[in-house]
Amino acid sequence: IGDFVIKSKVGEGSIGVVYKATQISLDRVVALKILSKEYTTGKGVADFLKEARAAAKLNHPNIVQALAVGEEEGTCYLAMTFITGETVKSRLKREGRYPVDEALHIIQQVAESLFYAWDETGLIHRDVKPDNIMITEDGIVKLTDLGLAMHHTEWKEDMEISGSPSYMSPEQFAGEKLDTRSDIYSLGITLYQMLSGTL
């Protein structure tokens with residue numbers, strides 16, 4: 001698709017499937033997110049492309065870098081830096097919980113990335129959870145999956161409610177106007193789960 005050759009499936013996000021792929025023109029490995037068919041409506045495509053472009057403006061060591069976005073024959077895609085490592089969720093499944101110091105260190109890095117996204121562009125992630133926090137092989141924390149991210153000025157009363165129910169703030173559930181505090185709430189639930197081993 002486009003400039004990319006898909007190699008293998010890596011995982012599934014909130015609105016699409018992520019593949020390991022090669023970008024032909026630059027001969028580099030990327031993570032390629034393909035928008036699911038049920039979201040490939042006029043509005044879905046417009047939202048996906050808009051948010052992918054917003055994510056591409058973010059350049060922070062704790063946010064997965066968006067590299068390219070496009071559409072080909074009705075299929076939307078977003079190319080991101082390919083991260084070798086594991087998610088907080090996969091380690092929780094394996095080990096049950098995190099040591100306190102390590103959990104706080106991870107949460108601090110995610111908090112810094114959320115502050116940057118909010119402070120720089122007014123972006124709200126809307127889907128902070130253990131599945132979307134990766135730790136690279138070098139121990140660097142990366143916040144992933146900006147597929148549901150929105151600019152705080154885009155809120156409308158009749159907006160579709162999006163997010164992962166277990167991690168959503170009350171105002172997100174209620175369809176109320178959001179700001180960065182909604183992400184902080186989700187981050188708090190994530191920290192609780194990392195420390196206690198239960199959601």
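All of these numbers come straight from a predicted model, not from anything done at the bench.
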Residue pairs meeting salt bridge (charged side-chain N to carboxylate O under 4.0 Å, His left out), one or both in residues 96-120, sequence neighbours left out, come to Arg91-Glu102
(message) Does anything in residues 68-86 form a salt bridge (charged side-chain N to carboxylate O under 4.0 Å, His left out)? List the pairs, not counting sequence neighbours.
(response)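 Listed by first then second residue: Glu86-Arg94.
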- Item | Inter- and intrachain pairs under ring-ring contact (aromatic ring centres under 6.0 Å, His included), touching residues 55-113, at least two apart |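 Pairs touching residues 55-113 that pass the test: Phe4-Tyr77, His60-Tyr116.
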Is there a continuous path of hydrophobic side-chain contacts, each under 4.5 Å between heavy atoms, that joins [X] to [Y]?
{"X": "Leu104", "Y": "Leu143", "value": "yes"}
{"X": "Leu58", "Y": "Leu114", "value": "no"}
{"X": "Val64", "Y": "Val88", "value": "no"}
{"X": "Val128", "Y": "Met168", "value": "no"}

For Ser25, what residues pass the side chain to side chain donor-acceptor pair (under 3.5 Å) criterion, not counting sequence neighbours?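 Expected list: Asp3.
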Sequence neighbours excluded, the answer for side chain to side chain donor-acceptor pair (under 3.5 Å) partners of Ser169 is Glu171, Ser182
Q: Have a look at His125 and tell me which of Asn132, Thr144, Leu187 forms a side chain to side chain contact (heavy atoms under 4.5 Å, CB included) with it.
A: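 Passing option: Asn132.
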Result for side chain to side chain contact (heavy atoms under 4.5 Å, CB included) between Ser113 and one of Val141, Asn62, Ile133 points to Asn62
Mind listing the closest non-hydrogen atom pair of [X] and [Y] along with its distance?
{"X": "Ile124", "Y": "Thr180", "answer": "CG1-N, 4.4 Å"}
{"X": "Lys7", "Y": "Thr22", "answer": "CE-OG1, 3.2 Å"}
{"X": "Val17", "Y": "Glu12", "answer": "CG2-CG, 4.0 Å"}
{"X": "Pro130", "Y": "Thr87", "answer": "O-CB, 3.8 Å"}
{"X": "Ile6", "Y": "Ala21", "answer": "CA-CB, 4.0 Å"}

*asked:* Quick check against the 3.5 Å criterion: does Lys129 have a side-chain atom that pairs as donor or acceptor with the backbone of Ser166?
replied: no
- Task: Any side-chain hydrogen bond (donor to acceptor under 3.5 Å, both in side chains) involving residues 184-194? Give me the pairs, sequence neighbours left out, ordered by first then second residue.
- Result: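 Matches after skipping sequence neighbours: Tyr167-Gln193.
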